[in-house]
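Encoded as structure tokens, the structure appears first; notes follow it.
Atoms considered below: every heavy atom in the structure, side chains included; atoms not considered: hydrogens, waters and symmetry mates. Since we're looking at a predicted model, the values are computed, not measured.
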Amino acid sequence: MNGTGETKQFDTATRILDAAEVLFVEHGFEATSMRMITQRAEVNLAAVNYHFGSKDALFQGVFTRRLTPLNELAVSNLDQLERAAAGKPLAVEAIVGAFMGAALEIAHDPKRGGVIFVRLLSRTFIEPHPVLKETLPRHYAELVGRYASAFGRALPQLGEAELQWRINFAFGVIFNAFAGNNILRLFSQDVVINARDPRLIATYLVPFVVAGLTAPSGAQSA
């Protein structure tokens, strides 16, 4: 196949992925139809089937092209901190900041998905779809292991179970916040906070997460 043909196929696949990514954020996986995707991407159904085969495969494709840059950046940030620390445990705030910094960099880079992908990723962690349950652990194994190890060294007073609970809560809060959910609006319309500005979210989120991770041990005080 000549270069022009390869470029055309690449552009078609990219348009499909871009369209699906936005629609999955706006409407969720179940409510997004193939017809909506083809209309937004300006392609026919045959093109979607040719490149991805099914809606499930397309959903997975949306993530696989974005997860690698996020993983690499988050691990790289942690690597830099650990090299500078020369074997000493990192501060909890620094570890949280390493991950948040990666998420913010992705959120402000449209070429790597931008805020749309961060919101989609966050929504998926909150409401995991079966198609990703097998693939996400493989993509995130190194990241989770590295960050869990760093938190373990930073919080040696915590038992393994309590440490895992706190990491679970911490990342749950982070992903929920980046999903753009404004929970207060469920109870009142008189809410002025902007829950969709990633940098503003990080400003208030980091100290909140750090406080939870570093709180006195519940197991010891029980």
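Under the 6.0 Å cut-off for aromatic ring centres, Phe52 and Phe59 do not qualify, their centroids lying 6.0 Å or more apart.
At a threshold of 4.5 Å between non-hydrogen side-chain atoms, the residues Leu120 and Phe29 do not count as touching. Looking at Phe178 and Val115, their side chains never come closer than 4.5 Å, going by heavy atoms from C-beta outward. Side-chain contact check for Thr12 versus His51: some heavy-atom pair is nearer than 4.5 Å. In this structure, the side chains of Leu205 and Val209 come closer than 4.5 Å at one or more pairs of heavy atoms.
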Residues Phe151, Val96; criterion side-chain contact (heavy atoms from CB on, under 4.5 Å); working and verdict = CA-CA 9 Å; Phe151 280 126; Val96 174; 4.0 Å; yes
Decide side-chain contact (heavy atoms from CB on, under 4.5 Å) for Leu155 and Leu158; before the verdict, give the C-alpha distance in whole Å, the side-chain angles of both, and the deciding distance to 0.1 Å.
-> CA-CA 6 Å; Leu155 299 165; Leu158 300 180; 3.8 Å; yes
Are Glu93 and Thr214 close enough, and set up right, to give a side-chain contact (heavy atoms from CB on, under 4.5 Å), and what steps lead you there?
-> CA-CA 9 Å; Glu93 185 173 3; Thr214 58; over 6 Å; no
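Arg15 places a side-chain N or O within donor-acceptor distance of the main-chain N or O of Ala41, the cut-off being under 3.5 Å. Side chain of Tyr147 to backbone of Ala74: a donor-acceptor contact under 3.5 angstrom is found. The backbone N or O of Leu104 sits less than 3.5 Å from a side-chain atom of His108, completing a donor-acceptor pair. Side-chain N or O atoms of Arg166 include one that pairs as donor or acceptor with a backbone N or O of Leu213 at under 3.5 Å. Panel note: side chain Ser149, backbone Gly145; no donor-acceptor pair is recorded below 3.5 Å. Here the side chain of Thr32 pairs a donor or acceptor atom with the backbone of Leu23 at under 3.5 angstrom.
For the pair Gly61 and Thr64, the tightest heavy-atom approach, listed with the atom from each and the gap, is O-OG1, 3.2 Å. Across all their heavy atoms, Leu90 and Ala85 have their closest contact at CD2-CB, 3.6 Å. When all heavy atoms of Ile37 and Ala20 are compared, the pair lying nearest together is CD1-CB, 4.2 Å. Among all heavy-atom pairs drawn from Lys111 and Arg66, the shortest one is O-NH1, 3.2 Å. Of all non-hydrogen atoms in Leu163 and Gly152, the two that sit nearest each other are CD2-CA, 3.5 Å.
Between Ile201 atom CD1 and Met100 atom CE the span is 8.0 Å, to the nearest 0.5 Å. To the nearest 0.5 Å, the span separating CD on Glu105 from CG on Asn77 amounts to 7.0 Å. Put simply, CD on Glu142 and CG on Leu78 are 10.0 Å apart, with the number rounded to the nearest 0.5 Å. Here the NZ atom belonging to Lys55 is positioned 6.0 Å from the CZ atom belonging to Phe24, to the nearest 0.5 angstrom. The CD atom of Gln39 sits 7.5 Å away from atom OG of Ser33, with the distance rounded to the nearest 0.5 Å. Going from atom CZ of Arg40 over to atom CD of Glu21 covers 10.5 Å, rounded to the nearest 0.5 Å.
Around CD of Gln80, the count of heavy atoms belonging to other residues, nucleotides or ligands within 6.0 Å exceeds 12.
Salt-bridge formation is detected for the pair Asp79/Arg146: a Lys NZ or Arg NE/NH1/NH2 atom is positioned less than 4.0 Å from an Asp or Glu carboxylate oxygen. With salt bridges taken as basic N to acidic carboxylate O contacts below 4.0 Å, none links Glu82 and Lys88.
In the hydrophobic clustering of this structure, Leu17 groups with Met34; members are Ile, Leu, Val, Met, Phe, Trp, Tyr whose side-chain heavy atoms approach within less than 4.5 Å, directly or through other members. The hydrophobic cluster containing Tyr204 does not contain Phe175, counting ILVMFWY residues as joined when their side-chain heavy atoms lie under 4.5 angstrom apart, directly or transitively. Residues Phe208 and Phe171 fall within the same hydrophobic cluster, defined by Ile, Leu, Val, Met, Phe, Trp and Tyr side chains chained together at heavy-atom separations under 4.5 Å. Residues Ile16 and Leu45 share a single hydrophobic cluster, defined by chaining ILVMFWY side chains whose heavy atoms lie under 4.5 Å apart. Val173 and Leu143 fall within the same hydrophobic cluster, where Ile, Leu, Val, Met, Phe, Trp and Tyr residues are linked whenever their side-chain heavy atoms come under 4.5 Å apart, directly or through other members.
For the residue pair Thr203 and Arg199, no side-chain donor N or O sits within less than 3.5 Å of a side-chain acceptor on the partner. Looking only at atom types and distance, the side chain of Ser217 has a donor-acceptor partner in the side chain of Glu162 under 3.5 Å away.
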